[in-house]
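Comments concern the structure below.
Ligands are counted one by one from 1 in listed order, and the atoms in each one are counted from 1 as well. These figures come from a predicted structure and were not determined experimentally.
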Amino acid sequence: MDQIKNLSLLSAMCENVNSAITVTNPATGHVLGYVPSHSRETIENVIAKAEIAQRSWAKTTAKQRADILMSWYQLLMDNQEDLARIMTLEQGKPLAESRGEVAYGASFVQWFAEEAKRAYGETIPTPSSDRRIMTITQPVGVAAAITPWNFPIAMITRKAAPAIAAGCSFIAKPAAQTPLSAYAVTELARQAGLPEGLLNIVTSDDAVMVGELFCSSDKINKISFTGSTNVGRILMRQSAESVKRVSMELGGNAPFIVFDDADIDLAVKGAIASKFRNAGQTCVCANRFYVHDAVYDKFVEKFAAEVATLTVGNGIDNGVNVGPLIDANAKNKVQRLVEEAVAQGATISIGGEDLDGQFFTPTVLTHVQHSMSIVQEEIFGPIAPVIRFHDDASLIEMANDTIYGLASYFYSKDINRIFAVAEALDYGMVGVNEGVISTEVAPFGGVKQSGIGREGARQGLDEYLNTKYICLGGM
Ligand code: SIN
């Protein structure tokens with residue numbers, strides 16, 4: 001932490017280790033510091049204050065909200081290096097990726113500063129001449145979010161920025177592993193002039209209590225969650241009682257398909273980026289690779305050769321491409337999946353080594369069958385299982401054979417096939433000849449059990465707005 005220049009970013013850290021969350025560096029196991037573990041009563045107070053703050057915020061103009069968001073964006077970028085270092089220290093991802101995430105996270109703030117001014121209503125042609133019909137949009141009220149450890153900044157700004165832009169107040173509970181980034185970006189929002197009570201972080205070692213409190217509170221009008229499908233189901237069930245609006249960005253099992261007409265070098269480049277970003281701990285990571293029989297050997301050879309160049313280590317060190325897994329549970333899961341795959345007949349083409357601490361070598365598995373657990377489960381680690389396929393029809397069937405529908409990727413040069421496959425894939429997002437597709441301007445989200453709602457893009461603002469229909473009669 002002594003590398004951080006702007007100490008105001010660490011102002012939420014506390015000395016009192018009783019009733020606190022310990023934040024550790026996953027690369028070294030060292031304690032970085034402590035943040036408060038808030039009680040139920042404290043969080044209820046935060047919700048009550050957020051409700052009061054929202055009422056005044058809703059009365060501001062879109063331009064006033066946009067100006068503050070723009071200042072926040074600027075401060076995020078001005079503090080990019082410090083924020084990136086905090087992120088790498090608590091989350092583990094390589095510093096270059098953390099810098100990228102700060103810019104990605106800030107891009108949502110900039111985007112929604114612009115979109116705030118476009119929360120348009122409509123006038124609608126009237127069916128009777130004595131009436132005029134119109135709609136206006138209004139903020140949903142208090143929005144709450146539960147955010148994950150894999151993108152400690154971007155998953156907060158992607159939710160908070162549209163909420164603030166729409167005129168909502170916002171409360172986030174970040175993952176217990178990565179609270180420092182959450183507090184740091186919130187402090188910058190305060191410095192940007194965001195009034196008190198509008199952007200709140202609560203931290204607790206009792207995630208179940210916070211989830212239940214958010215979902216049951218009748219002061220909170222909207223829940224946004226990024227995390228596992230299992231937890232998403234629980235939050236949706238809990239939100240049903242108060243009929244809350246929900247946005248859910250849940251698990252994925254992304255297929256990465258290489259057709260026989262693909263540019264293999266491009267596919268290898270996309271595969272490396274998609275699979276090994278954040279050590280494979282990304283909801284949109286390529287989870288399973290399907291490669292056509294005619295190019296299978298060539299792809300595997302080039303892919304394994306590229307994987308061999310990746311450097312595993314502490315993300316703060318120069319030249320590291322793959323950091324640690326977030327905790328021991330994550331590493332145990334990866335180990336189990338590799339062991340099961342090998343026992344079921346898969347071959348380790350490269351990697352497969354269990355390194356000290358929470359590190360695992362980037363791994364390519366061949367002789368993989370679609371039915372294996374490593375293909376059916378979300379891996380969330382640096383393992384690439386590669387399956388051979390023979391024809392497009394059975395390929396599409398396998399690619400869609402999952403409860404998940406978040407991201408998918410394929411490589412082909414044939415324009416007819418490109419449209420046919422993009423339309424046939426049952427996913428919210430399709431990357432064609434591209435392995436990393438996330439951007440603030442495009443709608444991010446899934447179908448099936450990968451979630452509900454969209455983040456980023458113009459659709460991201462709608463998630464925090466209600467549409468009100470106004471009928472003007474007696475004309
Ligand atoms: C996620 O893994 O949930 C987010 C990834 C992204 O925004 O690219």
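Distances below 4.0 Å separate heavy atoms of R277 from the following atoms of ligand 1: 5 (C), 6 (C), 8 (O). The ligand atoms of ligand 1 that sit less than 4.0 angstrom from a heavy atom of C283 are 1 (C), 2 (O), 3 (O). When each atom of ligand 1 is checked for a heavy atom of S438 under 4.0 Å away, the hits are 6 (C), 7 (O), 8 (O). Near T282, with a cut-off below 4.0 Å to any heavy atom, the atoms of ligand 1 are 2 (O), 5 (C). Taking every heavy atom of E249 and a limit of under 4.0 angstrom, the matching atoms of ligand 1 come to 1 (C), 3 (O). Distances below 4.0 Å separate heavy atoms of Y104 from the following atoms of ligand 1: 6 (C), 7 (O), 8 (O).
Under the 3.5 Å distance criterion, the side-chain polar atoms of Y409 are left unmatched by any main-chain donor or acceptor of I437. At distances below 3.5 Å, at least one donor-acceptor pair connects side-chain atoms of W57 with backbone N or O atoms of I164. Without hydrogens or angle criteria, K331 side chain to L355 main chain gives a donor-acceptor distance under 3.5 Å. In this structure, the side chain of E241 does not engage the main chain of Q238 through any donor-acceptor pair within 3.5 Å.
Among residues two or more places apart in sequence or in another chain, the salt bridge (charged side-chain N to carboxylate O under 4.0 Å, His left out) test is passed with E397 by none.
Residue contacts with ligand 1 include R158, since one of its heavy atoms falls under 4.0 Å from the ligand. For the pair E455 and ligand 1, no heavy-atom separation below 4.0 Å is found.
Checking I43, I201, V142 one by one against I171, the side chain to side chain contact (heavy atoms under 4.5 Å, CB included) holds for a single residue, V142.
Of the N or O atoms in M155, none lie within a sub-3.5 Å distance of an N or O in ligand 1.
The part of N150 lying near ligand 1 is the side chain, judged by heavy-atom distances below 4.0 Å.
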Throw together a table of side-chain donor-acceptor distances under 3.5 angstrom for residues 417-427, partners on residues two or more places apart or in other chains.
| residue | atom | partner | partner atom | Å |
| --- | --- | --- | --- | --- |
| R417 | NE | D392 | OD2 | 3.0 |
| R417 | NH1 | D260 | OD1 | 3.1 |
| R417 | NH1 | D261 | OD1 | 2.9 |
| R417 | NH2 | D392 | OD1 | 3.3 |
| R417 | NH2 | D392 | OD2 | 3.3 |
| Y427 | OH | R288 | NH2 | 2.8 |
| Y427 | OH | A399 | O | 2.5 |

